Amino acid sequence: MLEEISGCRSCGSADLETMLAFGDLPLADAFVGPEEMEGPDAVYPLTVAVCASCALVQVRETVSPETLFDESYRYYSSFSDALVEHSRANAQALITSRGLGPESLVVEIASNDGYMLQHFVERGVPVVGFEPAPGPASAAESLGIPTIRRFFGIEEGKRLARERQPADVIIANNVLAHVPDLNGFVAGIGAALGRDGVAVIEAPYVRDLMERREFDTIYHEHLCYFSVSALAPLFRRHGLSLNRVEHLSIHGGSLRLHAGHHEPVDESVGRFLHAEKESGLTETLPYLRFAADVEETQRVLVDLLRELKDGGMRIAGYGAAAKGTMLLNACGIGRDLIDYVVDRNTFKQGRFVPGVRIPIRDPELLLSDMPEYVLLLAWNFREEILAQQNEYVRRGGRFILPIPRASVITGADPRNEGMDATRPAGSSVGVEKR
Ligand code: JHZ
């Protein structure tokens, strides 16, 4: 169930240097049901290392995917409007640029609840999704999306090309980081992809993680944290050319990579490689220094929450995100500081955040209960959540942004500008004006 790697997940080098050790933590998406409250949560060590050879940042421990993505997996992509819209725009652009039609095949790996493939189906483009988690797979099937309930790898890639047809487009969003056998996965993409097809892959960018101190995006599900410099040799090893790289704001900053069996290589690839070399991301030193930043971010946040609590304030959380579980547990923020966490995902409501066991409730509770502060755990959907919680803010409620250094924000509505005069007395942390 838990294994430790002996070499780099990409190049195999045994030269791995430890950059962060979080100790034992629960699984970030293992939300606890009321019937499971008796015993303690299972915890697993979480240690992050960087490869001295290819600079890939990776978790040393592997919790088996069968444990992580079983029937208890409750992450449904469609609960975030911004993500569905992001995917619709991407699908639209691919249909146009690749001239996709009824003869084409679009494959998505980790197709979840159909948040992405539905946009191709609507336009009459045939699709196949790979999704092993039973809950999201069923949701996708109910939208009419053919779903293979298996993990993707080299064998699945070969079978798809042989028994169906080579894919015109392969989409793999936020899944590369989840794969223990990175080489087998990329080889599978190569096997399934048609001669002139394109693989479009999104993954959180390690550069943003470091610059914005997004330490809470590190958890057992995410085995790797990618730079373009670490990815280029991985793709090359399996006969794929990295042809274009885009920088997206989604999920706190992501890379979108376009790969194919042959070139041309766009200028963006060289630009990213150059910028990463310039900022030292091809060496281990910046990664090894990151621990001090994480420690400071955690300390500032806990100090702020304690100060507010000591001042008689009530604090809730917004977003039972996996990163929320990580943040609360890594910082030791429990029910003494946070009364409850709200989330729109009805499969998470009524359950408890793993480890810290904070109850998860419906977001409507914020208005009826009016806690003075809400810690924005799903900070990556800040705009969407603040717009939706306009009324809570209008009535005087305040959001706290946990990273890069805890700060109090006043809301998405420009009419709230200037309301920062109500900054809590004695707070040592500044109020960010929007
Ligand atoms: P969200 C996910 O991580 C899942 P998580 C996964 N581990 C991954 O790789 C990364 O993304 C990249 C809720 N919400 O998506 C929905 C509201 O309640 O940031 C979610 O439960 N109201 C595969 O879990 C949570 O917040 C809203 O208005 O850290 C957000 O979780 C919105 C917008 C969201 O990721």
Side-chain angles (χ1 to χ4, degrees), residues 26-31 59 63 65 68-69 72-87 108-113 115-116 131-133 135-136 172-179 201-206 208-209 214-226 248-256 316-330 340-354 358 360-366 374-392 399 401-403 412:
L27 300 179
D29 268 311
F31 295 97
V59 167
V63 178
L68 292 169
F69 306 108
S72 69
Y73 189 70
R74 293 184 174 81
Y75 180 78
Y76 289 69
S77 306
S78 294
F79 280 105
S80 305
D81 296 344
L83 184 65
V84 175
E85 176 49 30
H86 169 84
S87 311
E108 186 183 14
I109 308 170
S111 45
N112 197 271
D113 58 7
Y115 73 103
M116 160 65 94
E131 180 51 65
N173 290 348
N174 297 305
V175 60
L176 200 58
H178 298 67
V179 178
I201 297 160
E202 290 181 21
Y205 191 17
V206 73
D208 293 316
L209 187 161
E214 298 165 349
F215 75 90
D216 50 350
T217 62
I218 301 174
Y219 44 87
H220 299 95
E221 265 173 57
H222 293 166
L223 298 169
C224 295
Y225 305 85
F226 297 104
L248 312 174
S249 61
I250 194 102
H251 287 305
S254 296
L255 294 170
R256 180 184 284 157
Y318 195 118
K323 67 175 77 61
T325 303
M326 175 59 192
L327 183 120
L328 296 169
N329 281 281
Y340 53 86
V341 170
V342 299
D343 196 291
R344 271 208 315 202
N345 182 333
T346 44
F347 300 102
K348 294 181 182 174
Q349 291 168 13
R351 296 183 167 270
F352 295 80
V353 177
I358 299 176
I360 303 166
R361 311 288 299 272
D362 188 310
E364 286 187 359
L365 184 60
L366 292 184
V374 174
L375 178 61
L376 189 52
L377 296 164
W379 44 258
N380 49 320
F381 292 118
R382 166 181 168 161
E383 296 304 326
E384 181 174 341
I385 291 169
L386 292 192
Q388 175 204 107
Q389 292 299 325
N390 206 18
E391 181 58 16
Y392 165 75
F399 278 91
L401 200 59
I403 56 155

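Just follow the structure's listing: the first ligand is 1, and inside any ligand the first atom is 1. All of these numbers come straight from a predicted model, not from anything done at the bench.
Contact between Met326 and ligand 1 is absent, with no heavy atom of the residue lying under 4.0 Å from the ligand.
Close N/O approach between Asp81 and ligand 1 is not found [any backbone or side-chain N/O within under 3.5 Å].
The protein atom (non-hydrogen) at minimum distance from atom 18 (O) of ligand 1 is Arg344 N, 2.6 Å. From the protein, the heavy atom lying nearest to atom 22 (N) of ligand 1 is Tyr318 OH, 2.9 Å. For atom 31 (O) of ligand 1, the closest heavy atom belonging to the protein is Ala321 CB, 3.4 Å. Here the heavy atom of the protein found nearest to atom 15 (O) of ligand 1 is Tyr75 OH, 3.0 Å. What sits closest to atom 26 (O) of ligand 1 on the protein, heavy atoms only, is Asp343 OD2, 3.4 Å.
Here the two rings, on Tyr76 and Phe347, have centers that are under 6.0 Å apart.
Of all atoms in ligand 1, listed by their number and element, those nearer than 4.0 Å to a heavy atom of Asn380 are 1 (P), 19 (O). Proximity to Gln388 (heavy-atom distance under 4.0 Å) selects the following atoms of ligand 1: 27 (C), 28 (O). Within ligand 1, the atoms closer than 4.0 Å to a non-hydrogen atom of Phe381 are 1 (P), 15 (O), 19 (O), 33 (C), numbered from 1 in the order shown. Near Lys348, the atoms of ligand 1 lying under 4.0 angstrom from a non-hydrogen atom of the residue are 20 (C), 21 (O). Distances below 4.0 Å separate heavy atoms of Ala322 from the following atoms of ligand 1: 5 (P), 24 (O), 29 (O). Using a 4.0 Å cut-off to heavy atoms of Glu384, the atoms of ligand 1 that qualify are 28 (O), 33 (C). Under a 4.0 Å criterion applied to the non-hydrogen atoms of Lys323, ligand 1 contributes the atoms 1 (P), 5 (P), 19 (O), 29 (O), 35 (O).
Aromatic ring pairs are classed by plane angle as parallel below 30°, tilted from 30° to 60° and perpendicular above 60°; the pair Tyr73 and Phe69 is perpendicular. Aromatic ring pairs are classed by plane angle as parallel below 30°, tilted from 30° to 60° and perpendicular above 60°; the pair Tyr318 and Phe399 is tilted.
The part of Tyr73 lying near ligand 1 is the side chain, judged by heavy-atom distances below 4.0 Å.
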